[in-house]
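Below is one structure, written out as structure tokens; comments come after it.
Sequence lines set the chain letters: A, B, ... in the order given, protein chains first and strands last, and positions in each chain run from 1.
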Protein chains: 2
Amino acid sequence: MTLADQPPAAALVFQTLLQHGPLSRAEIGRRTGLTPGAVTKVATPLMVDGWITEVGRPTTERASGRPATLIAVRAERALFAGVKVTGEELIGVLADLTARPLAASRVRLDSRDVGTVVLAIARLVDELRAMAGLTQVDTLHGIGVTISGDVDSRLGTVQYSPFLDWRRVPLAQLVETAAGAPTVIENDVRALTVAEQWFGAGAGLSTFALVTVGAGIGAGLSIGGRVVSGAHGVAGEVGHLPVSCVDRICTCGNTGCVEAVASTHAITEQARQATGNARLTMEEAVRLAHAGDPEVRAVFAGAGRAVGLALACVANLIGPERIIISGEGVASYDLFADHIRQSFVDHAFGAAVDCDLVVRPLPFEEWARGGAAVAAQRVFAPAK
Amino acid sequence: MTLADQPPAAALVFQTLLQHGPLSRAEIGRRTGLTPGAVTKVATPLMVDGWITEVGRPTTERASGRPATLIAVRAERALFAGVKVTGEELIGVLADLTARPLAASRVRLDSRDVGTVVLAIARLVDELRAMAGLTQVDTLHGIGVTISGDVDSRLGTVQYSPFLDWRRVPLAQLVETAAGAPTVIENDVRALTVAEQWFGAGAGLSTFALVTVGAGIGAGLSIGGRVVSGAHGVAGEVGHLPVSCVDRICTCGNTGCVEAVASTHAITEQARQATGNARLTMEEAVRLAHAGDPEVRAVFAGAGRAVGLALACVANLIGPERIIISGEGVASYDLFADHIRQSFVDHAFGAAVDCDLVVRPLPFEEWARGGAAVAAQRVFAPAK
DNA sequence: GACCTTACCTTTCCTTTGGAAACTAAGACA
DNA sequence: TGTCTTAGTTTCCAAAGGAAAGGTAAGGTC
């Protein structure tokens, strides 16, 4: 069922195809350092098992020599469900081996009770299955559940989730039993980072960071091809880097946190103070800023600067090749972007400014896609 | 000459012995996951080559069974020179396989000209050789040169050294030719981190950070057993994390840098302003603070807070098991320590506070020892 | 059209590596 | 002296991937 019973070179070949798309055997050999013979040897059983398939000739024909035959991953060979759990709702996708979504759905949560949520997850997975026209039980290869907070993916337990107020919940086991498919769980931002690492803007990079800006501000770090977890489950907490000199008190009790200035909530709050309108929403604040309101614009500018400082911290500390900035507030990016970049450039030290900043929208199902990526990873990158 | 021509398991066994000290073959098998047979097979050639040796019985005898025979690394099997280059002087040590210093020496530099420095390094290595009673050319297994700034250890070139004003100097090759022994170069803080990783407070930890506080403030990060280098040569630049709200301008041109508040130079400057004595030295500032001068104490307190914030950034971002704080100013640690810890605890997010803070003195030859460790690493951990 | 060249792919053979398991070794104890 | 227990060794074997020769499919050339 997985690639675990194949030789290591098989996983290498498969991963190379996942990341680079169709390649000839010879080219795979060159990229992986394997000999052509080894590639053939290892690719044959993968082909027999339906994991890969021949897809024809390269478009750019060479002048001489035997033409190459491209092989590619059969993405539909395995399907995965990804579910992101928040305090208010579940977001689910059904995706293939390359984490491409085939179906997506959202469900509101009435209760944060563990049993209720587990049941809702199982039902959502069933719904996704039905949407994609699956009936057999065994066609779903795995489920990946993601959730913000302290998640121990190895144990399969949610150690602590502030939004759900869960502690030490063996969620993987519970969902596996309720939904009837192998289940892995992971921190939401780390899962998103895994998705980017294999199938997104982080593909092929040895070190990159993914920063999400929205209700919270977090980051996933992929260093040397591995997403870091932190010894105590904490890593990538850019939201609480003490970089701002603004005196607003953060939810964590400190002042100076990025989140206290740049989270959706913080921006709304500040815009309310600036305008004197205590009912102002984020959408209205964005509209005001776009309309040119100087005070509201200043709020966004301050938020952008804080995010830029956070990015500079990441760049100075770990020196990633690229930082992917992602978030729900794509509509308002033009209000931040320049300030983010400027304050990043100002505070990145030396060659750290060469770090590539990429902005990437974060549609709602993207979060759930992270779960599918983590589940898929179990198949093609077994036993890390 | 190295372990590169031995099977991977040989390096594993050797590294286990390096980090844990003498162990029985059976115990090595348990720790590494190798079978007893594999351990024997792989240990025999190492023993024949003199890399390891039997050292007797464990002190804690077990009641039953055949007594174990301990084997241990023969540290004297290979000797290495480590040289740290600063703008003013060279610091050199001669060390064995475990980076234990056998001889140490310092030399002032009259010139920062590349040729002059290379020659001085070669002479220093010769002097160290003589001090340790070595005469034969081939008894020195390698030289490790460390230097602050942007060092590409794979290419063996100093990309940029601000203190020496060097750019793209192929230092490894130059020193190798001049001194007649295989030479590797590395960034000074990274080298120190390597030394701690194998032989110091980082041994056995999968993730830790080493922060050095002194003339500059820097950090080395070891994540998942690998010291991170940064995609553009920049990593661990805690000195320029923008965490302070003090308006002092840093050497990098920004305000808010940790270094602008907590470096030796910055502390001295601030103490001069506080006392009105423009000639005050660091030593006098320390004395004044110890004597209870409130304004000078406030300067140290501010520096401690800034360092604590930097540590919190490191903990929040990468979640190390331990942060090792090291620096020249050990004499003045009591002036910082509480403020460092307090501000770390205040700003570390969630479980990141569980990160272990360890203070470790940094004697002058420790820097050079890092070079020896890097050179030694080439022998026992080949081809990363 | 026969032959050459080129590069892709496959096959065969072989080395390296480390596990499995039987075997030997050494001390304690009955 | 035999037995028990754990340490260490040896033998055998299977897995994995490299080396190199051979087969294959195209274009080019005389």
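If you measure from atom CG of A:L3 to atom P of D:dA16, you get 13 Å, rounded to the nearest angstrom. Spacing between atom CG of A:L46 and atom P of C:dT10 amounts to 13 Å, rounded to whole angstrom units. For the pair A:I28 CD1 and D:dG18 P, the interatomic distance rounds to 14 Å; values are reported in whole Å. Regarding A:M47, its CE atom lies at a distance of 11 Å from the C1' atom of C:dC9, rounded to whole Å. Note: CG (B:L23) to P (D:dT6) measures 19 Å, nearest angstrom. One can place CG of B:L34 at 14 Å from C1' of C:dA20, the figure rounded to the nearest angstrom. Atom-to-atom, CG of A:L12 to P of D:dA16 comes out at 14 Å; the value is rounded to the nearest Å.
Checked against C:dC9, D:dA7, D:dG17, the side chain of A:K41 finds its nearest nucleotide in D:dG17. Closest to the side chain of B:A26, from the set C:dT10, D:dG17, D:dG8, is D:dG8. Out of C:dT12, D:dA25, C:dG18, the shortest distance to the side chain of A:P67 is found at D:dA25. Distance from the side chain of B:R25 is smallest to D:dG8 among C:dC9, C:dG19, D:dG8.
Using a 4.0 Å cut-off between charged side-chain N and carboxylate O, A:R25 and A:E54 make a salt bridge.
Neither OP1 nor OP2 of C:dT11 sits under 4.0 Å from any side-chain N or O of A:T40. Taking only side-chain nitrogens and oxygens, B:T69 comes nearer than 4.0 Å to OP1 or OP2 of D:dG8. For A:R30, a side-chain nitrogen or oxygen approaches OP1 or OP2 of C:dC8 to under 4.0 Å. Remark: B:S64 is not in phosphate contact with D:dT5, judged by side-chain N or O atoms under 4.0 Å from OP1 or OP2. For A:R66 and D:dG23, the shortest distance from a side-chain N or O to OP1 or OP2 is not below 4.0 Å. The side chain of A:R57 places an N or O atom within less than 4.0 Å of a non-bridging phosphate oxygen (OP1 or OP2) of D:dA26.
Distance alone, capped at 3.5 Å, is enough to place a donor-acceptor pair between the A:R190 side chain and the A:V151 backbone. Side chain of A:E186 to main chain of A:S153: no donor-acceptor pair is present (N/O by atom type, distance under 3.5 Å, no hydrogens or angles).
Within 4.0 Å (heavy atoms only), B:P7 reaches sugar-phosphate atoms of the nucleic acid but no base atom. In this structure, A:T44 reaches neither bases nor backbone, as no heavy-atom distance under 4.0 Å exists between it and the strands shown.
When the side-chain hydrogen bond (donor to acceptor under 3.5 Å, both in side chains) test is applied to A:D354, no partner is found at least two apart in sequence or on another chain.
Nearest-nucleotide mapping onto DNA chain D: of B:L70 and A:V42, the residue sitting toward the 5' end is B:L70.
For the atom pair CG of A:L97 and CD of A:E76, the computed distance is 8.5 Å after rounding to the nearest 0.5 Å.
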